[in-house]
Each structure stands twice: as structure tokens, then as C-alpha cells.
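See below for the structure under consideration.
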Amino acid sequence: MEKYLEMFQHQHPFNLLTDDQLQRMFNGASLQTFSSNQFLFHEDEPEEEINIHFVLTGLAKNIMHKINGQQVSVRFYYPGDIVGIMIMLTSGEMKFSVQAIEETSTLRFNKGNFLEVMSENQAFSKIVMEGISNLMQSLYHEVKYKTKDANEDQHDRELFKQRVDTYAEAPTLINPKTPLVEAVEKMEEYKAGGLIVCNEEQELIGVLNYQDIFKAYRNHDFTSLVEDYVKEEPYFVADRDFIYDALSYLKHNPASIIPVLNRFKVVGQLRQTSFLNMQDSIYFDLRYRVQKARSLEEVKGLSPMYNSSFQRFVSQLLEDHMLAYDVCELISSYNDEIHNQIIHLAEQQMLEDGYGTPPINYCFIVMGSEGRKEQAFSTDQDNGIILDNYEHMENKEEIEQYFAKFTKSINYMLEECGYPLCKGGIMAKEPKWRQSLQGWFTSLHEWLEKMDAAEIRDFTIFMDFRPIVGDFTLAYELRSYLTKRMERSLNLQQLLMKDTLRFRVPIQPFGRITATGKTRMLNIKKAAIMQIVNAVRIYAVKYGVEEVNSIKRLEVLVENERFHPRDAENAKLSLHRLLKFRLEQNLEEIQSEGPLTNDISINSLSRSDRKILREALLIAKRLQQVLELSYNRNRVV
């Protein structure tokens, strides 16, 4: 310990301490080593048991536990960082854990001694607290405002393309030490509904609105400063975010201004008048109406199958040459909103029927193409539910009965809204797809041990699950468990390979497309789309990639140098073209009020479209051949 004491004498900010203070701080200190994924401390631990650590080697991450059940890491701890003080400053308002990413060693201080020295040495305390305060602010923004993934709100035809910086205005800034009277004068001068409060480095502190000033004048407080009334947790956007994020906020907060940031600095602002030149957003309004729907009939009228405005919107996106996999992601996100509202209605119905609120936490998951966010119009339900562990509870049977009825209601409501029941029974109302987390662990273990060719098809649908409603940590734990088990299962990889080779890409060596019937019909999903999806999935399984979206899987594989960038771009291009054919076919079938299929007529395609289709099929064929060669050579992928 003496060598560390000597080292810390020259380590900032410990060099601000006297010899006596440093000695007292080290009394009771000890060296600690944490393995990868081990917690330095966890949110469930009592506050009094959490210690203060100084990171010596390794890397750890902060895990924020959001109110909606999601977890997010917003920062890493590197050697030289102090960990553990922030828990004392949050007073239970925020919950978080710190977990080692790799083997990490720390110097664990006696908390009482550390705090005692902090109280004595103001210079040392100031340095430590400034760093912690900055971190707290960023964490608070994360937990309060960023409750959804950034990609969730990239939806509208124009908004999907336009970035914030396209519409941002020059910011109207003010220093927190400015008298409130001067702030009022500045608002009048610039005809601004609010001011963005920044420090000298133009880093965001907060927003001052007219409402905040009214509070001061109502309190007859005419000598206060801006910092006394500033709202310090403002909603903000980055300059390269999609504009939809800002519009979603302003829809509900019309009088607000939104700071625009580039990294940590304020570079602009948005307000309602920033969008005067923007066309009306059909999709934005549809999504808003879904969120406000109070009956199943309302939701049904807004669902993709039954809403002509939505269908025209998708058609226009394709005409505007938006990438078809981005359009499918948009459709999937809209479907998520429909699912969310239906689950809410189902909960309300359970309450009205006397069953009460959900007795335990749950997470509703979607699978297959909806799970991958690659949904078209022609699809059935593939979903399930993860329940918090309840087998040890006395009311176990009541819990099971509650969720059996609850999930049945959800599945039939979804069917009413144009999402057909799954013919294979992959739905939350079925016991196999409605289990506790531990039950899922057990089932997956048995599944992977005894998997055969008959079951692999259901498993490939399940593999691409994604949480949409409830406690997301349940899904994240299941995903982590599944990814590790799949990566080690050579039998699974063999079965995935055999399954993907069941349907050969129907194109001959010289480029002739093999199709059936007089009109030369081709099932574009089975013939090509799934070949690309399956190939990318097999690579993802082999290399432990947790992403489920095919495009994101490709990006991770390229980043990890497991897939060549050119091959990835070819696969993306092929997937875009194939999905575009499928979407256009679905829109035609909806228009003619016929059944939805994945079949396209080769004869009905123009010469240029046949060429585009041929090129896409050739790329899919090459992926299939590469996998087959690899399989034959190694007996596994």
C-alpha cells in the first residue's frame, strides 16, 4: 500500500491534500480486483454498503436503470477515475450500477475517511464534485428524456431524411449570472420565447422560459439572477439527429425552445416557427393519433392494413427512393406503436374485468421480421412474453391465470387490427412463448441441447426477438444468455446452415431466373430475402453479435472485420431491392383488395426491373454458396 501512497502524492487531485490528509484517506484502503462483467456495485445494494473506488487498471461502465425498465450505459470509467461518490448525491432519484468491462483493479477507500478529508479540503472537494456534477447532469438527461432508442423516432417521409441542423436557428444565449431583468430585456430585443443558459464555453446549463420569469415576478423577486430560475434539465437534440425528435417534443410543448448541441456545445435552437416551411406530416399525425386512441376500433382504423393514408405515405417514400429497409424499419416502428397501444388497452380491460393490474413485471417481445424491424404488410404475428420470476410466490397460479388471459386478449386484439394469428402458434398466448425468465433459460438450454431440423424454423423466428413493452432488462438478460449459448453451439450453427439451404436461390449459372407457372411467379421472401437474412444471421451467431436487425448486424460484422465492407454493401443493396419489390407488391394487393402474398410475377416486370431482380438474386446466391462451401469444409459455419 505504501507504493500507492507515494504514487498518489503526485496524482491530481490527491496532490492537493496534506500529508496527514492523504495518510488518513489511505487508512483502511484496500486493493480490489473485479473480473469482466463483475459489478463494482449494483443498484440493489444498500447505499451504506457502497464504497468509493479509484480505478487503477482496466475499464468499467456505468449502467443507468431507467424508469421504463431499459438499461443504458452513458459513460466508461478509466484508470484515474473515482467511482462511487455520485450515489450519495442522487439521494435515490437515480438508480445505477457500475460493472467491469474487462478485468479491473481498484483502490477501495474507506468511505468515512474519504468524506472526512473531502469536508476538510475544499480545493480537493471542488475538483471531485465538479467532475461528478457534470456526470450527474448527463445522466439525468439520459434517464429523464431519452427513454427510447434514438432510432425509434425516425419516422416521417421528410423527417426521416431531414436533420436538425437543416432547421436550426442561431441560438439566443445568456449567462447564468445575468440579472433576471436583463434576461427579460434580451427576450424582448430578440422577440424570443426563451433563452438558452450557457457557461463561457457555450456548454448547456439549462433553458429560461417566460414561465420561469413569471414565477419570479409572482414571488416579487426582482433582484434574482438567471441561475435562480433556470430549468436545468431541458430537452435538447443533437445537430445531426433526425428532425422528428424535435417535432415530437414540440407537439406537446408548443411554447418551448430546444437547444441544439454539437457534442457538448450549443450551436443552435429550435422552436415552432423553425418549421414554418415544412410540409404537414401525415405520418406524424397518424402516430400521434395512435398514442391517443382509446378504443380497439380507433386503433384498427389507424393500423397499416386499414389506413389508406399510411399506405399512400409508404408508397410515396418508395417513389422518393428511400432505402426499402429503412421504410421497413419505419413500418416496424409504427407497428410497435400499435402494439403498445393494444397492450395498454388490454391492461385496461383486465382492470375493468376485475383482474387488477399486472401482478409482476413482464416484457412483451416481437420476433421474426418485426423483431428485426424488417416488416412489410404481408405478415402474421410472431410474439411472446417474458415474465419476471414468480415460481416461488404463493399466488403462482393466479399469476399464470392472469397472463394467460392477458396475452390471449392481446393476440386477438392484434388479429382484429390486421395482424393475423401465427399459423405455427408462435404467440404470447401459447404457454411455450409465455414463460418466466428462468423458464426461458431452462427451455433454451433444453432447446439448444435437443434441437432438430423440425424445430429450427421456430427457433430462427425466436432468435430475432426484440422487446417493445415492459421491463426491457428481462429481454436483455435473455438476449445475453442466448447469444453466448448460440455462439458456442456448433450443432445449432449446423442446423441453421441446413435450414437456409432448404430453399435454393432460384437463379441459374447464366442468370436465368427460375419461376413457376405461366406468369412465372416467384416467392420473393423464401427465394431471396430470407437467404440474405439467414446468411447474415448465421454470421451474427458465429461471432456473438447481439443485434437482430440485418443491416445493423452487417455493420457490426464489418466493424469487427468479420465481413468485408464491399460484401456488406452488396448485401444491403440486394436487400433494399428485394424488400422494395415486396412492399410494392403488397401495396398493389391492398389496393385491389386481394390477399397479401410474397409472390411477384416475373413476366409483369419491366426489363430494367428484371435486371435489378437478377442482380439481387445473384448476390443472395453468392452468399448462400459461400456459406455452403464453408459448411462442407468445416462441417460448421
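Since the model is a prediction, treat every value here as computed from it, not as a measurement. Keep in mind that the numbers below use all heavy atoms, side chains included, and drop hydrogens, waters and symmetry copies.
- By the 4.5 Å heavy-atom criterion applied to side chains, Gln269 and Ile196 are counted as neighbours.
- For the atom pair OG1 of Thr483 and CD of Glu547, the computed distance is 10.0 Å after rounding to the nearest 0.5 Å.
- Judged by distance alone, the side chain of Asn121 and the main-chain N or O of Phe124 form a donor-acceptor pair under 3.5 Å.
- By the side chain to side chain donor-acceptor pair (under 3.5 Å) test, Thr57 pairs with Ser105, sequence neighbours left out.
- Remark: the backbone N or O of Leu478 is not paired with any side-chain donor or acceptor of Ser480 at under 3.5 angstrom.
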May I have the step-by-step check of side chain to side chain donor-acceptor pair (under 3.5 Å) for Asn389 and Gln438, ending in yes or no?
CA-CA 6 Å; Asn389 292 326; Gln438 187 56 52; 5.0 Å; no
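- The pair Arg485-Glu449 counts as a salt bridge, with a side-chain nitrogen and a carboxylate oxygen less than 4.0 angstrom apart.
- A side-chain donor-acceptor contact under 3.5 Å links Gln21 to the backbone of Thr18.
- Between Phe109 and Phe114, the ring planes are tilted. Angles from 30° to 60° get that label.
- Between Trp440 and Phe462, the shortest heavy-atom distance links the atoms CZ3-CE1, 3.5 Å.
- Minimum heavy-atom separation, Leu554 to Ala568: CD1-O, 4.0 Å.
- Residue Glu201 qualifies as enclosed at atom CD: its count of foreign heavy atoms under 6.0 Å is above 12.
- Salt bridge annotation for Asp239-Lys265: absent, with no cationic side-chain nitrogen under 4.0 angstrom from a carboxylate oxygen.
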For a salt bridge (Lys or Arg N to Asp or Glu O under 4.0 Å) check, start with the C-alpha distance between Asp464 and Lys373, then their side-chain angles and the critical distance, and finish with the verdict.
CA-CA 10 Å; Asp464 296 339; Lys373 287 197 170 186; over 6 Å; no
Let's go through Leu56 and Thr106 carefully: what are the C-alpha distance in whole Å and the side-chain angles of both, what is the deciding distance for side-chain contact (heavy atoms from CB on, under 4.5 Å) to 0.1 Å, and is it a yes or a no?
CA-CA 5 Å; Leu56 296 170; Thr106 71; 5.6 Å; no
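- A salt bridge does not link Arg553 with Glu546: none of the charged nitrogens is closer than 4.0 Å to a carboxylate oxygen.
- In this structure, the side chains of Asn175 and Thr178 come closer than 4.5 Å at one or more pairs of heavy atoms.
- Smallest separation of non-hydrogen atoms from Leu204 and Pro234: CD2-CG, 3.9 Å.
- Partners of Asp228 under the side chain to side chain donor-acceptor pair (under 3.5 Å) rule, at least two apart in sequence or in another chain, do not exist in this structure.
- Closest of all the heavy-atom pairs between Leu195 and Ala183 is CD1-O, 3.6 Å.
- Salt bridge annotation for Lys186-Glu189: absent, with no cationic side-chain nitrogen under 4.0 angstrom from a carboxylate oxygen.
- Using a 4.5 Å heavy-atom threshold, the side chains of Phe236 and Val260 count as separate.
- Taking the centre of each ring, Phe34 and His53 come in below the 6.0 Å mark.
- Relative to the ring axis of Phe465, Arg479 places its NZ or CZ within 45° and under 6.0 Å from the centre.
- The side-chain heavy atoms of Ile468 and Ile365, taken from C-beta on, include no pair separated by under 4.5 Å.
- Here the side chain of Arg562 pairs no donor or acceptor atom with the backbone of Leu557 at under 3.5 angstrom.
- The residues Arg24 and Glu116 are annotated as salt-bridged, a charged nitrogen and a carboxylate oxygen being separated by less than 4.0 angstrom.
- Contact record, Leu40 with Gln99: CD1-C, 4.3 Å, taken as the closest heavy-atom pair.
- Proximity of a side-chain donor or acceptor of Glu561 to a complementary backbone N or O of Val558 within less than 3.5 Å is not detected.
- Atom-to-atom distance recorded for Gln23:CD and Asn113:CG is 10.5 Å, nearest 0.5 angstrom.
- Looking only at side-chain heavy atoms (C-beta outward), Asn27 and Asn110 stay at 4.5 Å or farther from each other.
- Inter-residue side-chain proximity for Ile385 and Cys363 is flagged as unmet; no heavy-atom pair is nearer than 4.5 Å.
- Counting heavy-atom neighbours within 6.0 Å of Glu203 CD, excluding the residue itself, gives a total above 12.
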Before giving the answer on ring pair (Phe, Tyr, Trp, His ring centres under 6.0 Å), spell out for Phe563 and Tyr543 the whole-Å C-alpha distance, their side-chain angles and the decisive distance to 0.1 Å.
CA-CA 11 Å; Phe563 216 85; Tyr543 295 113; 9.4 Å; no
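- Contact check on Glu227 versus Lys177 returns a salt bridge, with a Lys/Arg side-chain nitrogen under 4.0 Å from an Asp/Glu carboxylate oxygen.
- A side-chain N or O of Ser30 and one of Gln32 form a donor-acceptor pair less than 3.5 Å apart.
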Could you walk me through whether Thr357 and Glu347 pass the side chain to side chain donor-acceptor pair (under 3.5 Å) check?
CA-CA 7 Å; Thr357 57; Glu347 281 193 2; over 6 Å; no
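- The shortest distance between side-chain heavy atoms of Met393 and Ile399 falls below 4.5 Å.
- At a cut-off of 3.5 Å, with distance as the only test, a side-chain donor of Ser436 or Glu391 sits close to an acceptor on the other residue.
- For the residue pair Ser489 and Asn491, no side-chain donor N or O sits within less than 3.5 Å of a side-chain acceptor on the partner.
- Rounded to the nearest 0.5 Å, atoms OG1 (Thr172) and CD1 (Ile257) are 7.0 Å apart.
- Contact of the Asp388 side chain with the Leu474 side chain is registered, since non-hydrogen atoms from C-beta on lie closer than 4.5 Å.
- Between Phe14 and Phe54, the gap from one ring centroid to the other is short of 6.0 Å.
- Contact between Asp81 and Phe76 at its shortest, heavy atoms only, is OD2-O, 4.0 Å.
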